[in-house]
Amino acid sequence: MSGTGMFYKMHVCGNDFLVIDAISNSLEFSPEKVRRWSDRRKGIGFDQMLVVVPPATSQQDFFVQIVNGDGSVAEQCGNGCAAVCSLLRHLQLTEQSQISLGTLGGDVACEFAEPESSLVTVQLPPPSLNPKDVPFIADNSDYLHRIQLSEPVDKELEVVVLSMGNPHAVIFVENVDAEDLQAIGTALQHHERFPNSVNVELVQVCDRRSIRIRIFERGVGETLACGSGSCAAMVSARLQNRVDRCAILESRGGSVAGEWLGMGEPVRLTCSPELVFEGRGIRM
């Protein structure tokens, strides 16, 4: 694929993606090329690049390689899987109503709400609270930890630490708009207790059925939305009995619906992916 292949720009609530069909044609890329393509002034602009390739196991229909805008590899992307599912139907690469997508963070089950509906429900694997799965250097076996920050902000935070197939740190606050997410996110992502860095979510509980979220992603910075981040926020709120099993998860880019029944159960996220434009000829 050298300047002639198709690419697709998609988003879910402003969380945007460069999606490439590499099922039939191989794609070679470097972190430097991804950074160039992700540039919002000199490139296409996106939070993550999603490369769809043949399945890795017989349980998968396709496999999705997930790369952050800075060229680093990501394990999981809930919104991205929903976007890929929607694109596969648009390109008529599948007629199935249910699709299994493999990722480095585990298989994601995707389902269309109705044949003509744009709504897609993704089912992420059950969350893990085991610090080793995050990974997180813990001083206790609980999911709630106190973490002392130093640079660029000096404060101690109470943080829910968990894995959604990728690492998350969730902080509950009174008002997400009043917090310095850039400083908090940067400090946590460079903290020694997160050896592989971490995605950071600030969460404001509005009522039993709705929460507001701001998200600071690894390899991207603040994003308008994040599927796995929304799921991490939902799980964290449910663990502390702050919301019901179904809730509306509102980020700066829009709202999605979340559902989690409890430990050992997958997390379901329903959203509406949009295809923004199709392009041809990525410069390699």
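Positions are given from 1 along the sequence.
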Go through Ser128 and Asp133 one step at a time and tell me if the side-chain hydrogen bond (donor to acceptor under 3.5 Å, both in side chains) criterion holds. CA-CA 7 Å; Ser128 174; Asp133 292 338; 2.6 Å; yes
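- Counting only heavy atoms from C-beta outward, the side chains of Leu124 and Ser228 approach each other to under 4.5 Å.
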With side-chain hydrogen bond (donor to acceptor under 3.5 Å, both in side chains) as the test, would you mind laying out the steps for Asn241 and Arg208 before giving the verdict? CA-CA 9 Å; Asn241 194 28; Arg208 296 290 304 182; 3.1 Å; yes
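- Looking only at side-chain heavy atoms (C-beta outward), Val52 and Val19 come within less than 4.5 Å of each other.
- For the pair Asn196/Glu75, no side-chain contact is recorded, criterion being any heavy-atom separation below 4.5 Å from C-beta on.
- Ile66 places a side-chain heavy atom less than 4.5 Å from the side chain of Thr103.
- Met164 and Val134 are assigned to two separate hydrophobic clusters, defined by single-linkage of ILVMFWY side chains at heavy-atom distances under 4.5 Å.
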Ring pair (Phe, Tyr, Trp, His ring centres under 6.0 Å) between Phe136 and His145: does it pass, once the steps are laid out? CA-CA 10 Å; Phe136 174 70; His145 302 268; 4.8 Å; yes
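- The hydrophobic cluster containing Leu129 does not contain Val159, counting ILVMFWY residues as joined when their side-chain heavy atoms lie under 4.5 angstrom apart, directly or transitively.
- No donor-acceptor distance shorter than 3.5 angstrom exists from the side chain of Thr270 to the backbone of Val120, with no hydrogens or angles considered.
- Remark: Ile20 CD1 to Met6 CE distance equals 11.0 Å, nearest 0.5 Å.
- At a threshold of 4.0 Å, the pair Lys33-Glu28 does not count as salt-bridged, since none of the basic side-chain nitrogens sits closer than that to a carboxylate oxygen.
- A salt bridge does not link Asp244 with Arg238: none of the charged nitrogens is closer than 4.0 Å to a carboxylate oxygen.
- Residues Leu101 and Leu87 are members of one and the same hydrophobic cluster, defined by side-chain heavy-atom contacts under 4.5 angstrom among Ile, Leu, Val, Met, Phe, Trp and Tyr.
- In the hydrophobic clustering of this structure, Met263 groups with Tyr143; members are Ile, Leu, Val, Met, Phe, Trp, Tyr whose side-chain heavy atoms approach within less than 4.5 Å, directly or through other members.
- For the pair Pro273 and Asn79, the minimum side-chain heavy-atom distance is 4.5 Å or more.
- Hydrophobic cluster membership differs between Val198 and Val160, with clusters built from Ile, Leu, Val, Met, Phe, Trp and Tyr side chains linked at under 4.5 angstrom.
- Gln123 places none of its side-chain heavy atoms less than 4.5 Å from the side chain of Leu269.
- Here the straight-line distance linking atom CZ of Phe62 with atom CG of Leu93 works out to 6.0 Å at 0.5 Å rounding.
- Counting heavy atoms from C-beta outward, Phe7 and Glu278 have side chains that stay 4.5 Å or more apart.
- Under a 3.5 Å cut-off, the side chain of Arg268 and the backbone N or O of Glu259 do not form any donor-acceptor pair.
- Contact of the Leu249 side chain with the Met234 side chain is registered, since non-hydrogen atoms from C-beta on lie closer than 4.5 Å.
- For the pair Asp61 (side chain) and Ile99 (backbone), a donor-acceptor distance under 3.5 Å is absent.
- A salt bridge does not link Glu179 to Arg214: none of the charged nitrogens lies less than 4.0 Å from a carboxylate oxygen.
- A distance of 11.5 Å separates CZ of Phe216 from CD of Glu201, quoted to the nearest 0.5 Å.
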